[in-house]
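Have a look at the structure below before the remarks.
Labels below follow one simple rule: chain letters A, B, ... track the order of the sequence lines, proteins then strands, and each chain is numbered from 1.
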Protein chains: 2
Amino acid sequence: MSTVEIEKTAMLLKLLGDKTRLTMVKILDSHDCCVCEFVEMFKMSQPGVSQHVRKLKDVGIVSETRRGQWVIYSLNKQSEYYPFIQDLLNHLPSQDFKLLELEEQGLRISCD
Amino acid sequence: MSTVEIEKTAMLLKLLGDKTRLTMVKILDSHDCCVCEFVEMFKMSQPGVSQHVRKLKDVGIVSETRRGQWVIYSLNKQSEYYPFIQDLLNHLPSQDFKLLELEEQGLRISCD
DNA sequence: TTATTATATAAGCAAATTATTATATAAGAA
DNA sequence: TTCTTATATAATAATTTGCTTATATAATAA
């Protein structure tokens, strides 16, 4: 069982204590995504999405790779928080239906 | 593995994404406490503490029992969130040293 | 009864959060 | 080069949060 000190944990829980970011992380746990996919999924402005993923990136729980015009985000399995996050996500129902909706609309970009 | 829907989980994580409340819950996991003990532990005003425990009570993760003048708070093991919270708390280092400090000052009230 | 102790509630305020629109930057296509 | 697409950053506004002080309520002791 990985242990994370209490202040860091509080910070992490606050970060994940937002419906949008929590759903993002749950989705990234099984599929990489780019910003424009999240924009569709969450019906949110592109800067809004960018700000959320930046917060996730700032604490190192997601990482990015540029692929042409797109920046692909994925869960950072090297993060010190990864085991903790895994445990947490296991309690959440799959959000893959959101990806399926995207595919049905022909709006899926990343192929992972 | 207990599953909690994503919106409720986000709400719960936001609630626990505060250092004071997270520490309270970690302590309550092993020992019941009253408000005045928390006031000492967190060097915070009594209304400040009361407001934190009320938030925890409002979503049902802690319960209260009056014992004379004191109101004793404990983790509510019947909460739908209890299994989730247990998993989460297992990643946290014990905060019992805070209780020991209280005892050394002769300020421990509840005996559980 | 009055005084004391423990807790809760109300009001106020500064700081943080989450969204928006406007604009800048980066990559690829024409 | 210019145009389009994808993303990031800046500035701003509305809301929420987390504390404080002042006050109310509840239980016990004198």
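Contact check, B:K55 against D:dT17: no side-chain N or O comes under 4.0 Å of OP1 or OP2. A sub-4.0 Å separation between OP1 or OP2 of D:dT17 and a side-chain N or O of B:K14 is present. Residue B:Y73 places at least one side-chain N or O under 4.0 Å from the OP1 or OP2 atom of C:dA8. Of the side-chain N and O atoms in B:R67, none sit less than 4.0 angstrom from OP1 or OP2 of D:dA27.
Using modelled atom types and a 3.5 Å distance limit, the side chains of A:Y82 and A:Q86 yield a donor-acceptor pair.
In this structure, of C:dT7, C:dA27, C:dT21, it is C:dT7 that holds the atom nearest to the side chain of B:Q46. Closest to the side chain of B:V35, out of D:dC19, D:dT9, C:dT7, is C:dT7. Considering only side-chain atoms of A:D18, the nucleotide from C:dT18, C:dA22, C:dA8 that sits closest is C:dT18. Residue A:C34 places its side chain closer to D:dT7 than to any other of C:dT7, C:dA19, D:dT7. Distance from the side chain of B:H52 is smallest to D:dC19 among D:dA11, C:dA8, D:dC19. Closest to the B:R54 side chain, of the nucleotides C:dA8, C:dT9, C:dA19, is C:dT9. For A:P47, counting side-chain heavy atoms from C-beta on, the closest listed nucleotide (D:dA10, C:dT7, D:dT7) is D:dA10. Which of D:dA22, C:dA11, D:dG18 sits closest to the side chain of B:R21 comes down to D:dG18. With C:dT20, D:dA26, C:dA27 as the choices, the nucleotide that has an atom nearest any side-chain atom of A:S45 turns out to be C:dT20.
Across all strands shown, D:dA30 forms a Watson-Crick or G-U wobble pair, both distances under 3.5 Å, with C:dT1. C:dA26 is paired with D:dT5 under the Watson-Crick or G-U wobble criterion, all donor-acceptor distances under 3.5 Å.
Going from atom NZ of A:K43 over to atom P of C:dT18 covers 22 Å, rounded to whole Å. Distance, B:M44 CE to D:dT21 P: 12 Å, rounded to whole Å. In this structure, A:Q69 places its CD atom 6 Å from P of D:dA6, rounding to the nearest Å. One atom, CZ of B:R108, and another, C1' of C:dA6, lie 16 Å apart when rounded to the nearest Å. B:M11 places its CE atom 19 Å from the P atom of C:dT17, with the value rounded to the nearest Å. Regarding A:Q51, its CD atom lies at a distance of 10 Å from the P atom of C:dT18, rounded to whole Å. Distance, B:L16 CG to D:dT17 P: 14 Å, rounded to whole Å. Computed from coordinates, the B:I72 CD1 to D:dA27 C1' distance equals 13 Å when rounded to whole Å.
Residues B:W70 and B:I72 form a side-chain contact, since some pair of their non-hydrogen atoms from C-beta on lies under 4.5 Å apart. The shortest side-chain heavy-atom distance between A:M24 and A:V49 falls under the 4.5 Å cut-off.
The environment of CD in B:E80 is crowded: more than 12 heavy-atom neighbours from other residues, nucleotides or ligands sit within 6.0 Å.
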- Item | Derivation and outcome, side chain to side chain donor-acceptor pair (under 3.5 Å), residues B:T9 and A:H91 | CA-CA 9 Å; B:T9 305; A:H91 285 272; over 6 Å; no
- Query: Stepwise, does the side-chain contact (heavy atoms from CB on, under 4.5 Å) test hold for B:V25 with B:L88?
  - Reply: CA-CA 11 Å; B:V25 169; B:L88 201 150; over 6 Å; no
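Residue B:V49 is the one, among B:G68 and B:V49, whose nearest nucleotide of DNA chain D lies closer to the 5' end (criterion: closest heavy atom).
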